[in-house]
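Along the sequence shown, the residues carry numbers beginning at 1.
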Amino acid sequence: MTITIKDAAGIAGMREACRIASQVLDDITPHIRPGITTLEIDRLSAESMARHGTRSATVGYQPPGYPPYPGHVCTSVNHVVCHGIPGDKPLKKGDIVNVDVTVITQDGWYGDNSRMFEIGEVSIAAKRLCALTFDAMWLGIEQVKPGARLGDIGHAIQKFVEGHGLSVVREFCGHGIGQKFHEDPQVLHYGKPGTGEELVPGMTFTIEPMINIGRRDIKEMNDGWTIVTRDRSLSAQWEHTVLVTPTGYEVLTLSAGSPATPDFVKGMAATAA
């Protein structure tokens, strides 16, 4: 495992990329309402990225064994866990959708984050899922500090989620990020405390739990990208990019429009600058 530790210049580059990634979500939020298509969300996101001098990291992205991803963002609706491809089906009242934005700055730094959106009035179960997934992400973030272990993050998320009768998707995880989209380490959303890589200042990685109302089992659709719950139960995801600081953490993907942090959050830089 080779973990890239960012120096002062790298941290500055990451701050800028992540600030813009979050600003893209701020820009599109007023438009996400009943009747909009995820393809329109994709177009609005691409326009926002261009206005801020960045471009999408996902459009044309092609890991080995995958077809090129066609969207500027990922839009995962209802039982779609992740990597939902934007399409022309309008969102309707009661839907929930995750919009996952990753940008690349002109200097080559990546910023990655996602948010859940509730379309009109949603069910109590859907609202609960979105809220608990948000809290789970922040419980994971709260574990970040020098000397902590990656397993501390996963354990905090898993214990909270399963304690509420939900399940953690295990096939996908958070990841290091910098001048590559995906770097070491992998950040699992389950695990044992005191295990895994030790956190040190200058590490940057995402925490992005994918949580299901039903069973944790998933399957891949024929398009080669879209991942859904096998039992077609609802799934939710939130994502932030985090920097390990000498005294704790800094959430790099916070902006003026980011949802308010939970009351239990005490960590460093937990509010937008």
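- W238 and C130 make their closest contact through NE1-O, 3.0 Å (heavy atoms, listed as atom of the first residue, atom of the second, distance).
- From T226, atom OG1 reaches atom CD1 of I218 across 12.0 Å, with rounding to the nearest 0.5 Å.
- For S167 (side chain) and G214 (main-chain N/O), a donor-acceptor pair under 3.5 Å exists by modelled atom type.
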Between D231 and S233, is the side-chain hydrogen bond (donor to acceptor under 3.5 Å, both in side chains) condition met? List the steps. CA-CA 5 Å; D231 61 8; S233 63; 2.7 Å; yes
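- Side-chain atoms of T241 never come within 3.5 Å of backbone atoms of T253 as a donor-acceptor pair (strictly under, hydrogens ignored).
- Using a distance-only test at 3.5 Å, with no hydrogens or angles considered, no donor-acceptor pair links the side chain of T37 to the main chain of D88.
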For side-chain contact (heavy atoms from CB on, under 4.5 Å), just list the numbers for T206 and Y110, CA-CA rounded to whole Å, side-chain angles, deciding distance to a tenth of an Å, and then say yes or no. CA-CA 11 Å; T206 68; Y110 287 71; over 6 Å; no
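- In terms of heavy-atom proximity, D184 sits nearest to T2 at OD2-N, 2.9 Å.
- Between the side chains of T102 and D112, at least one donor N or O sits under 3.5 Å from an acceptor N or O.
- Panel note: side chain E142, backbone V265; no donor-acceptor pair is recorded below 3.5 Å.
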Carefully, step by step, assess V200 and I3 under the rule side-chain contact (heavy atoms from CB on, under 4.5 Å). CA-CA 10 Å; V200 299; I3 297 175; over 6 Å; no
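- Side-chain contact annotation: S48 with D27, donor-acceptor N/O pair under 3.5 Å present.
- Tracing side-chain contacts under 4.5 Å through hydrophobic residues (I, L, V, M, F, W, Y), one reaches M137 starting from I96; they form part of the same cluster.
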Evaluation steps, salt bridge (Lys or Arg N to Asp or Glu O under 4.0 Å), between K92 and D95: CA-CA 6 Å; K92 63 184 185 302; D95 286 339; 3.1 Å; yes
Check step by step if side-chain contact (heavy atoms from CB on, under 4.5 Å) holds for K6 and W109. CA-CA 11 Å; K6 279 69 179 182; W109 294 98; 4.2 Å; yes
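- A donor-acceptor pair under 3.5 Å links the side-chain atoms of D152 to the main chain of G194, judged by distance alone.
- At least one donor-acceptor pair closer than 3.5 Å links the side chain of S45 to the backbone N or O of I41.
- Under the 4.5 Å side-chain criterion, counting only non-hydrogen atoms from C-beta, Q143 is not in contact with P193.
- Applying the 6.0 Å contact sphere to CD of E121 captures no more than 12 heavy atoms from other residues, nucleotides or ligands.
- A heavy-atom distance below 4.5 Å is found between the side chains of F264 and D135.
- When atom types are taken as modelled, the side chain of N98 and the backbone of Q237 share a donor-acceptor pair closer than 3.5 angstrom.
- Under the 3.5 Å distance criterion, the side-chain polar atoms of S235 are left unmatched by any main-chain donor or acceptor of N212.
- Taking a cutoff of 4.0 Å between a charged side-chain nitrogen and a carboxylate oxygen, R19 and D26 do not qualify as a salt bridge.
- At a threshold of 4.5 Å between non-hydrogen side-chain atoms, the residues R149 and T195 do not count as touching.
- Contact of the S22 side chain with the S258 side chain is registered, since non-hydrogen atoms from C-beta on lie closer than 4.5 Å.
- The backbone N or O of H72 lies less than 3.5 Å from a partner atom in the side chain of T58, making a donor-acceptor pair.
- Here the closest non-hydrogen pair linking D100 and S114 is CA-CB, 3.5 Å.
- Aromatic ring pairs are classed by plane angle as parallel below 30°, tilted from 30° to 60° and perpendicular above 60°; the pair Y61 and F181 is tilted.
- Interatomic distance, Q158 CD to L139 CG, rounded to the nearest 0.5 Å: 13.0 Å.
- Considering only heavy atoms from C-beta on, E40 stays 4.5 Å or farther from H31 through its side chain.
- Criterion: ILVMFWY side-chain heavy atoms under 4.5 Å apart, direct or through other members. Under it, V81 and F134 are not part of a common hydrophobic cluster.
- Side-chain contact check for T229 versus D217: every heavy-atom pair is 4.5 Å or farther apart.
- A236 and L129 get closest at one heavy-atom pair: CB-CG, 3.7 Å.
- For the atom pair R230 CZ and K219 NZ, the distance stands at 6.0 Å (nearest 0.5 Å).
- The environment of CG in D263 is sparse: at most 12 heavy-atom neighbours from other residues, nucleotides or ligands sit within 6.0 Å.
- Relative ring orientation between W138 and H240 is described as perpendicular, the plane-to-plane angle rising above 60° on a 0-90° scale split at 30° and 60°.
- Taken from CD1 in I177 to CE in M14, the straight-line distance is 5.0 Å, to the nearest 0.5 Å.
- Of all heavy-atom pairs between R128 and L166, the closest is NH1-CD2, 4.0 Å.
- Residues I5 and M203 have side chains in contact (heavy-atom distance under 4.5 Å, counting atoms from C-beta outward).
- Side chains of L243 and I11 form a contact here, defined as non-hydrogen atoms less than 4.5 Å apart.
- In this structure, S76 OG and I227 CD1 are separated by 9.5 Å, a value rounded to the nearest 0.5 Å.
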Before giving the answer on side-chain contact (heavy atoms from CB on, under 4.5 Å), spell out for I36 and L44 the whole-Å C-alpha distance, their side-chain angles and the decisive distance to 0.1 Å. CA-CA 11 Å; I36 193 171; L44 292 168; 4.1 Å; yes
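- Under the 30°/60° scheme for interplanar angles, the aromatic rings of Y69 and W225 are found to stand perpendicular.
- The neighbour count for R51 CZ, taken as heavy atoms of other residues, nucleotides or ligands under 6.0 Å away, is above 12.
- For E16 (side chain) and A12 (main-chain N/O), no donor-acceptor pair under 3.5 Å exists by modelled atom type.
- With values rounded to the nearest 0.5 angstrom, H175 atom NE2 is found 10.0 Å from Q186 atom CD.
- Under the 4.5 Å side-chain contact rule for hydrophobic residues, V144 and L188 do not share a cluster.
- I153 and M210 fall into different hydrophobic clusters, where Ile, Leu, Val, Met, Phe, Trp and Tyr are joined by side-chain heavy atoms under 4.5 Å apart, directly or via other members.
- Clustering ILVMFWY residues whenever any of their side-chain heavy atoms sit less than 4.5 angstrom apart, transitively, puts M49 in the very cluster that holds L25.
- For the pair V187 and C173, the tightest heavy-atom approach, listed with the atom from each and the gap, is O-CB, 3.2 Å.
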